[in-house]
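Because only heavy atoms are used, hydrogens play no part in the values below, and waters and symmetry mates are left out as well, while side chains stay in. Every value quoted in this text rests on a predicted model; they were computed, and no experiment measured them. Chain letters run A, B, ... following the sequence lines, proteins first and then strands; every chain starts at 1.
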Number of protein chains: 2
Amino acid sequence: MKLTVRGEYALRALTHLGVRHSAKVIQISSISAAENIPKRFLEQILNDLRTGGFVESRRGVAGGYRLAKPPEKIVIAGVIRHIEGALAPIGCVSENYYEKCNCPDEARCALRSIMKEVRDSIAHLLEKTTLADLVTRAEKLRAADLSDADFVI
Amino acid sequence: MKLTVRGEYALRALTHLGVRHSAKVIQISSISAAENIPKRFLEQILNDLRTGGFVESRRGVAGGYRLAKPPEKIVIAGVIRHIEGALAPIGCVSENYYEKCNCPDEARCALRSIMKEVRDSIAHLLEKTTLADLVTRAEKLRAADLSDADFVI
DNA sequence: AGAATCCAGACCGATTCAATCAAGTATTCG
DNA sequence: CGAATACTTGATTGAATCGGTCTGGATTCT
């Protein structure tokens with residue numbers, strides 16, 4: 001039931017771009033340093049996000065990445081599907097990456113029926129949250145941090 | 001976000017035992033044949049389920065496996081945790097298999113905050129469903145099948 | 001031209017996965 | 001008892017995946 005590190009990095013990088021969303025591009029090395037992600041690996045991931053249409057890039061000396069659309073339009077479920085594949089815990093209940101399972105009778109498989117519920121609950125949650133939500137959370141958590149600091153002083 | 005085949009087999013085997021729950025034991029080969037699971041592999045998995053306290057075994061010529069407790073007492077979340085590990089999509093939001101992630105500040109990580117929701121929704125679902133539910137579903141699906149057959153005739 | 005930056009894809013070592021095998025132990029039955 | 005049966009334990013294997021690096025190229029700015 002795990003998200004790979006690759007997916008985690010992708011979402012962290014997107015959040016980074018989302019918080020700083022503007023016409024300006026941000027360099028890989030800058031994201032890599034701030035988010036503690038190996039640069040070469042991140043390079044690969046951002047490229048993948050680009051082919052997925054989530055970010056766009058600028059080459060050359062003043063190059064970098066920025067979001068390809070506003071954060072509200074970037075759905076987390078879509079990002080994970082692009083980077084990782086199915087959301088569903090088993091292939092035979094996946095809507096987007098269905099594959100037949102080897103149980104004797106799929107239509108009458110009890111496991112399938114409960115795993116479908118799991119899938120639906122995951123999908124429902126990730127389908128309704130967008131990068132904008134992640135950004136909001138990030139900012140809210142940051143604000144909480146600052147007020148804590150005030151309180152301590 | 002995937003359950004491994006191993007986990008799937010474990011749950012299918014348990015369901016098989018649940019439907020036929022009694023004092024009598026059932027042989028590996030019988031389960032293997034009915035559920036279309038490689039025998040040697042299933043052997044390994046049932047053993048694992050035994051050390052987890054979900055099934056108990058009888059050796060020798062009339063040997064086999066049966067549930068170690070009534071189906072209502074076997075919680076699906078527990079089975080998956082024993083066979084697969086964490087339910088949570090990332091380690092830093094797991095209650096039972098926590099591991100630190102490499103983001104700069106875990107307490108203020110937006111991704112963590114949303115993945116925690118995913119974890120909770122998965123855990124909530126799997127924590128409240130027991131093997132008894134799987135058995136009920138299996139029987140209900142089977143009944144639907146039979147009435148279909150009647151209708152056709 | 002030269003430096004900085006993204007782009008494309010091969011490559012690699014380690015781990016995990018699914019599955020098999022071999023040898024051992026317990027139990028029943030003739 | 002002894003043979004047959006079935007679980008037990010742990011090693012092994014081949015393939016796939018994972019996290020990550022490396023090389024070499026294409027673009028753009030100065």
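Judged by atom type and distance alone, R40(B) does not reach the base of dA19(C) through any side-chain donor-acceptor pair under 3.5 Å. Contact annotation: side chain of R59(A) to base of dT5(C), donor-acceptor pair absent below 3.5 Å. Side-chain atoms of E43(A) and base atoms of dC7(C) include a donor and an acceptor less than 3.5 Å apart. Side-chain to base pairing of Q44(B) with dT9(D): no donor and acceptor N or O lie closer than 3.5 Å to each other.
The phosphate of dT9(D) has OP1 or OP2 within less than 4.0 Å of a side-chain N or O from N47(B). For Y9(A), no side-chain nitrogen or oxygen approaches OP1 or OP2 of dG19(D) to under 4.0 Å.
Closest approach to the P38(A) side chain among dT28(D), dT28(C), dT21(D) is made by dT21(D) (side chain taken as heavy atoms from C-beta onward). Picking from dG19(D), dC29(D), dA18(C) the nucleotide with the shortest atom distance to the side chain of V5(B) gives dA18(C). Checking dG25(D), dT5(D), dC7(D) against the side-chain heavy atoms of Y65(B) singles out dC7(D) as nearest. If you check dT28(D), dA18(C), dG19(D) against the side chain of R58(A), the one that comes closest is dT28(D). For S57(A), taking side-chain heavy atoms from C-beta onward, the closest of the listed nucleotides dC29(D), dT27(C), dC7(C) is dC7(C).
Inspection of the S94(A) and E99(A) side chains reveals no N or O donor paired with an N or O acceptor under 3.5 Å.
Note on L46(B): nothing from the nucleic acid sits closer than 4.0 angstrom, heavy atoms only. Looking at heavy-atom distances under 4.0 Å, G63(A) makes contact with sugar-phosphate atoms alone, never a base. If you check every strand for non-hydrogen atoms under 4.0 Å, Q27(A) touches sugar and phosphate atoms only.
Other residues, nucleotides and ligands place no more than 12 heavy atoms under 6.0 Å from the NZ atom of K39(B).
Remark: P of dT5(C) and CZ of R50(A) are 18 Å apart, rounded to the nearest angstrom. Whole-Å rounding puts the I45(B) CD1 to dT9(D) P distance at 16 Å.
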